[in-house]
*Asks:* 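Just passing along the structure, written as structure tokens.
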Amino acid sequence: MSDLKDLDLADDLPVGVYSRRHQSAINKIQKMFRLTADGKLGPRTRQALVAMTLKRIKTLRINLERLHWLPGTLPYPIVWVDIAGFHVYWVADRYRKKKFKAIVGLPSRQTPVFQDEIESITINPPWRVPASIALTNLLRMAKQDSSFLEREGFTVYSSWESNARVVDPDKVDWHSLTSRSFPYRLEQKPGKVNRLGRYKMDSPNRFSIYLHDTQA
């Protein structure tokens, strides 16, 4: 069953025998497809294996196409973000490379694929919260705990205008707000609880994507 290894469901399976490791991998597939987890390679389980194989082939084709977009060479140093693998690589030259864990987007809010240059690094940056996060995560937290925004060092502005006035978060009825009626801009001051951490790598792009460390 080389398919199981190709699909990253098992390693070093014994040849010529249906072992417990084979059964464990088959059980995983059956649970993923909500089949009876009996460890048997029946018709529906075989169909599930074919479906997973076709999905893997599609993924490989997409990534091969993405590789074609990249230039043949890039000047060092390089910061390479492996979105699917949840890692960032700092490549100083051909022989020196460091690997860091990374947090990327969600299926509903995916990180785009693009190439750009890091122009500067901001130390102790404030966080100007994107509307997509303010309208969902932070609004929900403010409804659960009205002191959350003040405790976490957020400033509330009346709008997204440059001359917007500062609003006292204690005087806002957060429970009455929805994602459609939320008018405020939120900004978190620098500090230990700031979501952007201590370093923000600025690379202006049309997606407003940047790299930063975080304590959260």
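In what follows, every heavy atom counts, from backbone to side chain, and hydrogens, waters and symmetry copies are set aside.
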*Asks:* Between His68 (side chain only) and Arg66 (backbone N and O only), is there a donor and an acceptor less than 3.5 Å apart?
*Replies:* no
*Asks:* Going by side-chain heavy atoms closer than 4.5 Å, which hydrophobic residues are tied to Val50, directly or by a chain of links?
*Replies:* Leu54
*Asks:* Using the six-membered ring wherever Trp is involved, compare the ring planes of Tyr184 and Phe182 and label them parallel, tilted or perpendicular (cut-offs 30° and 60°).
*Replies:* perpendicular
*Asks:* Lys40 vs Thr45, test: side-chain contact (heavy atoms from CB on, under 4.5 Å). Steps then yes/no.
*Replies:* CA-CA 8 Å; Lys40 297 179 180 179; Thr45 302; over 6 Å; no
*Asks:* Counting heavy atoms not belonging to Arg44, are there more than 12 under 6.0 Å from its CZ?
*Replies:* no
*Asks:* Could you tell me if the side chain of Asp38 sits less than 4.5 Å from the side chain of Gln30, heavy atoms only?
*Replies:*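 Of all side-chain heavy-atom pairs linking Asp38 with Gln30, at least one is under 4.5 Å.
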*Asks:* Listed by chain and number, what are the salt bridge (charged side-chain N to carboxylate O under 4.0 Å, His left out) partners of Asp170, not counting sequence neighbours?
*Replies:*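 So Asp170 forms no salt bridge (charged side-chain N to carboxylate O under 4.0 Å, His left out) with any residue.
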*Asks:* In residues 138-151, what donor-acceptor pairs under 3.5 Å come from side-chain atoms, sequence neighbours left out?
*Replies:*
unit_1: Lys143; atom_1: NZ; unit_2: Leu177; atom_2: O; d: 2.8
unit_1: Asp145; atom_1: OD1; unit_2: Ser147; atom_2: N; d: 3.1
unit_1: Asp145; atom_1: OD1; unit_2: Ser147; atom_2: OG; d: 2.8
unit_1: Asp145; atom_1: OD2; unit_2: Arg151; atom_2: NH1; d: 3.0
unit_1: Asp145; atom_1: OD2; unit_2: Arg151; atom_2: NH2; d: 3.2
unit_1: Ser147; atom_1: OG; unit_2: Arg151; atom_2: NH1; d: 3.0

*Asks:* I'd like a table of donor-acceptor pairs (distance under 3.5 Å, sequence neighbours excluded) in which one partner is a side-chain atom from residues 117-129, with atom names and distances.
*Replies:*
unit_1: Ser120; atom_1: OG; unit_2: Asp202; atom_2: OD2; d: 3.1
unit_1: Thr122; atom_1: OG1; unit_2: Asp202; atom_2: OD2; d: 2.7

*Asks:* Using a 6.0 Å cut-off, check whether atom CH2 of Trp80 has over 12 heavy atoms from anything other than its own residue.
*Replies:* no
*Asks:* Checking one residue: Phe114. Which other hydrophobic residues are in its cluster under the side-chain 4.5 Å linking rule?
*Replies:* Phe207, Ile209
*Asks:* Is any side-chain heavy atom of Trp90 closer than 4.5 Å to a side-chain heavy atom of Arg96?
*Replies:*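 No, every pair of side-chain atoms sits at 4.5 Å or beyond.
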*Asks:* Which residues pass the side chain to side chain donor-acceptor pair (under 3.5 Å) test with Arg198, sequence neighbours left out?
*Replies:* none
*Asks:* Report yes if the side chains of Arg195 and Glu152 come closer than 4.5 Å at any heavy-atom pair, otherwise no.
*Replies:*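 Yes; the side chains approach each other to less than 4.5 Å.
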*Asks:* Between Arg185 and Trp160, is any pair of side-chain heavy atoms under 4.5 Å apart?
*Replies:* yes
*Asks:* Would you call Phe100 and Phe86 a side-chain contact if the rule is heavy atoms closer than 4.5 Å?
*Replies:*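 No, side chains not in contact.
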